[in-house]
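Keep in mind the model is a prediction, meaning the values are calculated, not measured.
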Amino acid sequence: MKLLPMPCLILFFYVFVIATSPHAATKIQGSEADALLKWKSSLDNHSRAFLSSWIGNNPCGWEGITCDYESKSINKVNLTNIGLKGTLQSLNFSSLPKIHTLVLTNNFLYGVVPHQIGEMSSLKTLNLSINNLFGSIPPSIGNLINLDTIDLSQNTLSGPIPFTIGNLTKLSELYFYSNALTGQIPPSIGNLINLDIIDLSRNHLSGPIPPSIGNLINLDYFSLSQNNLSGPIPSTIGNLTKLSTLSLYLNALTGQIPPSVGNLINLDNISLSRNHLSGPIPPSIGNLTNLDYFSLSQNNLSGPIPSTIGNLTKLSEIHLSFNSLTENIPTEMNRLIDLEVLHLSDNIFVGHLPHNICVGGKLKTFTAALNQFTGLVPESLKNCSSLTRLRLDQNQLTGNITESFGVYPNLDYMELSDNNFYGHLSPNWGKCKILTSLKISGNNLTGRIPPELGSATNLQELNLSSNHLMGKIPKELEYLSLLFKLSLSNNHLSGEVPVQIASLHQLTALELAINNLSGFIPKKLGMLSMLLQLNLSQNKFEGNIPVEFGQLNVIENLDLSGNSMNGTIPAMLGQLNHLETLNLSHNNLSGTIPSSFVDMLSLTTVDISYNQLEGPIPNVTAFKRAPIEALTNNKGLCGNVSGLEPCSTSGGKFHYHKTNKILVLVLSLTLGPLLLALIVYGISYLLCRTSSTKEYKPVQEFQIENLFEIWSFDGKMVYENIIEATEDFDNKHLIGVGGHGNVYKAELPTGQVVAVKKLHSLQNEEMPNRKAFTNEIHALTEIRHRNIVKLYGFCSHRLHSFLVYEFLEKGSLDNILKDNEQAGEFDWNKRVNIIKDIANALFYLHHDCSPPIVHRDISSKNVILDLEYVAHVSDFGTSKFLNPNSSNMTSFAGTFGYAAPELAYTMEVNKKCDVYSFGILTLEILFGKHPGDIVTYLWQQPSQSVTDLRLDTMPLIDKLDQRLPHPTKTIVQEVASMIRIAVACLTESPLSRPTMEQVCRQFVMS
């Protein structure tokens, strides 16, 4: 062996020592460490605190960093879900050449994806999902030719998918869903022949699906749903024979379903719904024998269901509603013994319903409404005890209703309206203990309403209108305490309206029109404070209009026409400032129209014809624009309306109206300011009266229009009473601590108990607390709802500023859930009802208030319960009135863990912020604790939209509060439904979340 010369040996030895010394490793790592430390310094303080281990020049020991000890380089950065906030702009990607994994998912990173990211040539996994990144995907992404997985989902990225994506030929997983990407899908995507998963759903992509997609022969999961894609489904889709999921729903695809779909023999889930597909369902669909979920609803499909559908014996769900499918249902469908859900509504099907549709005993949901089905209900459906939801309305079905339907212990929703059923209502409907909706209007039913219906205590909607029912309205309906709609119109019911109906406090609609009801209208109907619609027309009611109707504060439609009512129109009706339609025609009402009607600014339609009314019509739009037919056949109405005599301006019996108005106007202009000053001074004195040694400083940022209305104790509760009752706010009276103040229990000399929230001491009039104080007063003086805490009064003083509320005995929901004993008494029925209470409160704030109010801090600490476990939303210190004519930008407010993720970067308040918080709170109530990482789990599901997740694919039902027995069959479906709704509320994109109106409707319909 030939030896190297001595100088070469020395040089070799020197190089070896240098290369293997610790200093060499430090030098290599130093460049990487410097790059990461520079990036850390660009992040906010909160983020830097999380990265406190990032010090020195040896990153291998830092949190989230993994090194390859052979190459002495960083090979993995994983900083998942630690609240990082900042940009990627200062991260020097070229200093990280050996990294193969970069995972920064579920943080608050914002800004663009830097084009320098393309310099990370060794990268195999790139995950920047669930952040606030915006801007375009840089074309340099195509340089990452070693990528196996790329996930940029759930950001706000825009612009096109770069053509260079086709360079990533080693890619197996591609997730770009839930962004704002536009443009066409680049044909180069067909180069990615190793792709196993591709999810581009929930973007704004347009144009056709490129035929090159047929090159992806290894694809298992393919989702382009919720985009704006157009054109046909390419026939090359049939090449994807390994595909298990094909999701193209909610696009604008046209043309026919290609027969080549029949090649996808491994498919178990296909959803093509909500497109513009036409033509027949191809018979080749029968080749998909592994199919479990099949949805083609809301298209323009025509022709029959192919008989080959009988081959799909593993099917559990079929969705074919809202098409133009025709002919008879093929008898081969009787072979689908695992079927749980079948939707056939709104087509043109004829003939009989499927004979053995429930032959497997698993059918839960069957809808076949809006078709032309005839004949009897099949025997298998009568005995289908698994049914939870059945809709057969608007067909031509016939048969005795008693013999056609059985007892359904799991039934939640039943609609049979507009058919030809006859016979008597069976008392067995009362045995459907979890039934929430029963609608059998527009049939030929006879006999009486069975009093046993009162046993179906979960009923929320009962519609038996347009039949031939007779007899009295059973008083047993009073037990339906959850009922929000009762419609018995257009029957032959007689007798008086049972006063017990007034105990149905949840009623929003009471429709008893076109019957033979008689006697006086019960005054107690005025207690139905949530009533939006009251129709008692075309009966035989007599007597006066109850003045108590003036208490129906939210009513929108009131129809008392076609009766024998007499007396005058109560002036109290003028207080109904939400009323839109008023019909008092065809009665014997007399006197003048009350002057209070001038305040009914919401009124759009009015009919007072065929009465004995006289005098001037009110000067409001509804009367001025009313057709003359709505005013005629009275004793002597006058006014500036075509067809009426003008009112006399000199002398005459109605001259006093004008004189009085002039007098009121003069007094208002001259005495108004003085009177207002006296009122403010007097109330301020009553509310905050102190000894002569104390000073009073009024709230200057907020003015109240009617101070008397917000103080329910006639000014008798004064400053000294509060101080005395709380012993100068001693801690022994403390019942709660909040961000803006402490809450105390105070028993006043009158014996009344109130809750007092004392603001934390203000230093130099600090604005945050002062703003919360005025916010709360502003909000709670504007709103009234049974599920919102009542404000009795307030006081602003140099020493103490406080608000006084009703006292709710059970305390905060947060404390109940934390206490094992109280949580054990907090059963499933109570929890379900409380969730509905909170939803009703938010519905009211978002949709019934003008302008809408966003609470911004919905959490378990801000929900208070009374002795009956009725929920009351509290703490409006951070609430905001939405201005429809400008932006609603604001600083962050709310409770971490409940606040919507977009607030971290948009700072724009909207109703969907409350919807997200409601979703968190719903899960907290059902789980007994904050859902925590479950939200992250939901967002990370690539396989389907959060709102489409089926409960049986998630461990959520197992997360229910273990301190309670598992929900019984009577309530488990409602609990499961609430979990699904909560999941929908937690969708990362605000636009994809439901409104609170939709949430409340789902609680009824689901």
Side-chain angles (χ1 to χ4, degrees), residues 77-81 84-89 91 93 96 99-120 123-186 188-189 192 195-205 221-227 901-902 904-905 936 938-946 987-989 991-992:
V77 177
N78 189 338
L79 299 171
T80 299
N81 192 25
L84 296 180
K85 187 173 183 180
T87 74
L88 297 173
Q89 297 304 110
L91 182 56
F93 294 102
L96 305 169
I99 285 186
H100 63 68
T101 299
L102 178 60
V103 179
L104 302 175
T105 185
N106 200 12
N107 285 290
F108 297 103
L109 299 174
Y110 57 92
V112 300
V113 179
H115 69 88
Q116 292 89 348
I117 202 166
E119 298 174 10
M120 304 181 73
L123 208 58
K124 293 182 179 180
T125 299
L126 174 62
N127 190 339
L128 304 178
S129 64
I130 317 178
N131 279 288
N132 307 318
L133 301 171
F134 53 79
S136 300
I137 300 172
S140 62
I141 210 86
N143 297 337
L144 306 179
I145 58 175
N146 290 303
L147 267 185
D148 172 78
T149 299
I150 181 170
D151 190 347
L152 303 180
S153 62
Q154 299 190 64
N155 283 285
T156 54
L157 297 171
S158 57
I161 298 172
F163 187 88
T164 55
I165 197 78
N167 298 341
L168 309 182
T169 55
K170 295 181 181 180
L171 206 61
S172 66
E173 297 183 18
L174 171 60
Y175 306 109
F176 287 171
Y177 64 91
S178 290
N179 279 288
L181 300 174
T182 56
Q184 298 189 11
I185 299 172
S188 63
I189 208 163
L192 310 182
L195 266 184
D196 178 59
I197 296 173
I198 181 171
D199 193 341
L200 307 179
S201 63
R202 285 173 278 160
N203 280 288
H204 307 303
L205 299 171
Y221 180 91
F222 183 32
S223 178
L224 304 178
S225 60
Q226 299 185 61
N227 279 287
E902 65 269 18
Y905 61 99
T936 305
L938 295 174
W939 287 356
Q940 289 177 339
Q941 300 308 299
S943 58
Q944 43 197 325
S945 163
V946 168
T987 303
E988 194 262 355
S989 168
L991 294 175
S992 299

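With hydrogens and angles ignored, the 3.5 Å screen pairs no side-chain donor or acceptor of S178 with any backbone N or O of S153. Within the 3.5 Å criterion, the main-chain N or O of H115 finds a donor-acceptor partner in the side chain of S140. A donor-acceptor contact shorter than 3.5 Å is absent between the side chain of D148 and the backbone of L171. The backbone N or O of T105 lies less than 3.5 Å from a partner atom in the side chain of N107, making a donor-acceptor pair.
With sequence neighbours excluded, no residue satisfies side-chain contact (heavy atoms from CB on, under 4.5 Å) with P160. For T164, there are no side chain to side chain donor-acceptor pair (under 3.5 Å) partners at least two apart in sequence or on another chain. Judged as a side chain to side chain donor-acceptor pair (under 3.5 Å), and not counting sequence neighbours, N143 has no contacts. Listed by chain and number, the residues in a side-chain contact (heavy atoms from CB on, under 4.5 Å) with Q89 are T87, V112, P114 (sequence neighbours excluded). Annotation: side-chain contact (heavy atoms from CB on, under 4.5 Å) contacts of N78 (sequence neighbours excluded): K76, T80, V103. Under the side chain to side chain donor-acceptor pair (under 3.5 Å) criterion, D196 pairs with no residue at all, not counting sequence neighbours. With sequence neighbours excluded, the residues that form a side chain to side chain donor-acceptor pair (under 3.5 Å) with N127 are S129.
Contact of the L104 side chain with the L88 side chain is registered, since non-hydrogen atoms from C-beta on lie closer than 4.5 Å. Side chains of I189 and I161 form no contact here, defined as non-hydrogen atoms less than 4.5 Å apart. Between L79 and L84 there is a side-chain heavy-atom pair separated by less than 4.5 Å. Side-chain contact between I145 and T169: absent, with no pair of heavy atoms (C-beta onward) separated by less than 4.5 Å. The shortest side-chain heavy-atom distance between I185 and N227 does not fall under the 4.5 Å cut-off. Within the 4.5 Å cutoff, the side chain of F176 has no heavy atoms near those of the L205 side chain. Using a 4.5 Å heavy-atom cutoff, the side chains of L181 and I137 are in contact.
Residue L128 is tested with D151, L157, I150, L133 for a side chain to side chain contact (heavy atoms under 4.5 Å, CB included); the sole match is L133.
Interatomic distance, OG1 of T125 versus CD of E173, reported as 8.5 Å (0.5 Å rounding). Atom OG1 of T149 sits about 10.0 Å away from atom CG of L123, to the nearest 0.5 Å. Considering CG of N155 and CZ of F134, their distance stands at 10.5 Å, rounded to 0.5 Å. Atoms OG1 and NE2, from T182 and H204 in turn, are 8.5 Å apart once rounded to the nearest 0.5 Å.
The minimum heavy-atom distance between N179 and T156, with the atom names listed, is OD1-N, 3.3 Å.
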